[in-house]
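Here the structure is laid out as structure tokens; the discussion comes afterwards.
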Number of protein chains: 2
Amino acid sequence: MKQTKISEAVVRRLPIYLQVLNEMHSREIQTVSSQELGYKLDLNPAQIRKDLAYFGEFGRKGIGYDVQYLIEKIRQILKVDQTIKVALVGAGNLGHALCNYNKYSKDNMQITAVFDVLPSKIGSHINSLKVLPMSELARVVAEQNIRIGIITVPAFEAQNVANQFVEAGVEGILNFAPAILRVPDEVRIQNADFTKELLSLAYYLVREGEAENESDLD
Amino acid sequence: MKQTKISEAVVRRLPIYLQVLNEMHSREIQTVSSQELGYKLDLNPAQIRKDLAYFGEFGRKGIGYDVQYLIEKIRQILKVDQTIKVALVGAGNLGHALCNYNKYSKDNMQITAVFDVLPSKIGSHINSLKVLPMSELARVVAEQNIRIGIITVPAFEAQNVANQFVEAGVEGILNFAPAILRVPDEVRIQNADFTKELLSLAYYLVREGEAENESDLD
DNA sequence: TAGATTGTTAATCGATTAACAATC
DNA sequence: TAGATTGTTAATCGATTAACAATC
């Protein structure tokens, strides 16, 4: 039974909580308060408590949160308590990089199949995975129970690849191509296009020749 | 003279507008209404008009927006009407991938220097750029007027690299490492950690063995 | 018991959307 | 002129923060 709809903002904070908690766990810290977490993350402690409270009562009044227990709970909420299999299309540099980050394994996310549209790439290897042709996508996704697709092809191919992922039945797509993808509502799209990140970063630069001092007005 | 403080949400939408407008421009579309843009981007037309109105009056009543003119204006706002130089630390797979995307050049963002902490990497080449040791960072950033730093090193090195970027005087950092970086307020940090993207994507998966049908309640 | 800290309600703040006069 | 669409104000919606009773 789902509680009141959880907002995206909340969901996007959960992995950050997890990151800090993991780091604390590795330093053998047993217990943490929302205040300490808030300080580390630059977030309001009330927000952290509220976020967690959407999913249950994980803390103890007067004490705080048990680090290990909270990790476990957040992993359950994010569904990374089970292994989740991922397929990647686009065996270029970026695809390579992501495959090497199979340190996700710590988070139970595993890239277990790699595809490419280019004949020249097919049959080559990334780590121990053979690059397969797109014609194999549907079969492999079904057989391996792959639930998430990653797109690292050029923008003009991205929609086509997305269509094939949807057709194959993935539930979510992580898209690195600088393209706006159309998929059915039941498939979740997450965009991770760093060209846009760079552009929005540029906004905060100080225009050359402009006073850098913004504190001259109070 | 800055208008009322522009919210981050607005700034993050500007690159998306730019992307769609560029695509329209390449198809030789002259004019676009907020309604059409809204449809393409799945955004409320009023929001688009409001976003743009923060920066000036770019449209014409009864007509819409001139595509080319609006592109020009958004590029000015984002400050990519000038060339912005970028340095990258971490000549691994991901660093490689980003360098190859020097198709940013279209957006006037250029990676003009690459560094690494590992002696084994130093002296090798990425495209035409030689990988330099960190000891050169401050000098090169100053000499080339580099304003943005990209971090693609492992998490445990990231803070150290960030410190050196700050020291060298960059104004913004794009961080790909799964680490929370502390920098002075005047330096802008943008996180682009796809491990977190993947985790939040997992949240939207349907738990195995759970009914997928969410429409049984109205 | 006194001190700390949660979970939660109420207050505030900010962002999105609707509505419409202005005008091309 | 009639139709379209902006820029902007007002209304709504949602997210963040403050405050505090409950309780460890």
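Residue numbers begin at 1 in each chain, while the letters A, B, ... track the order of the sequences. Computed from a predicted model, the values in this text were never measured in an experiment.
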TODO: Scan side-chain atoms only and decide if B:Arg49 and B:Ser34 contain a donor-acceptor pair under the 3.5 Å cut-off.
DONE: yes
Open item on the list: If I take atom CG in residue A:Leu37 and atom C1' in nucleotide C:dT6, what distance separates them, rounded to the nearest angstrom?
Closed with: 13 Å
- [ ] Say whether B:Asn163 and B:Gln159, considering side chains only, have a donor N or O and an acceptor N or O under 3.5 Å apart.
- [x] yes
Open item on the list: Given C:dA19, D:dT17, D:dG7, identify the nucleotide with an atom nearest to the side chain of B:Lys61.
Closed with: D:dG7
Open item on the list: Hydrogens and angles aside, do A:Thr83 and A:Gln110 bring a side-chain donor and acceptor to less than 3.5 Å of each other?
Closed with: no
Task: B:Ala53 side-chain proximity, nearest of C:dG7, C:dT16, D:dT8 - done: D:dT8
- [ ] Please figure out whether A:Lys50 or B:Arg60 has its closest DNA chain C nucleotide nearer the 5' end.
- [x] A:Lys50
Open item on the list: Whether the A:Ser33 and A:Glu36 side chains hold a donor-acceptor pair (N or O, under 3.5 Å, no angle test) is what I'd like checked.
Closed with: yes
- [ ] Using Watson-Crick or G-U wobble geometry with both distances below 3.5 Å, tell me the partner of C:dG14, or none.
- [x] D:dC13
TODO: Check every strand shown and say whether A:Arg49 touches a base, only sugar-phosphate, or nothing at a heavy-atom separation below 4.0 Å.
DONE: base
Task: DNA chain C: 5'-proximal contact among A:Glu36 and B:Asn44 (nearest heavy atom) - done: A:Glu36
Task: A:Tyr65 side-chain proximity, nearest of D:dT8, C:dG7, D:dT16 - done: C:dG7
Task: Partner nucleotide, any strand, of D:dC20 [Watson-Crick/G-U, under 3.5 Å] - done: C:dG7
Task: Length of the line joining B:Tyr54:OH and D:dT8:P, which is rounded to integer Å - done: 11 Å
Open item on the list: In this structure, how many angstroms lie between the P atom of D:dT6 and the CG atom of B:Asp66, rounded?
Closed with: 13 Å
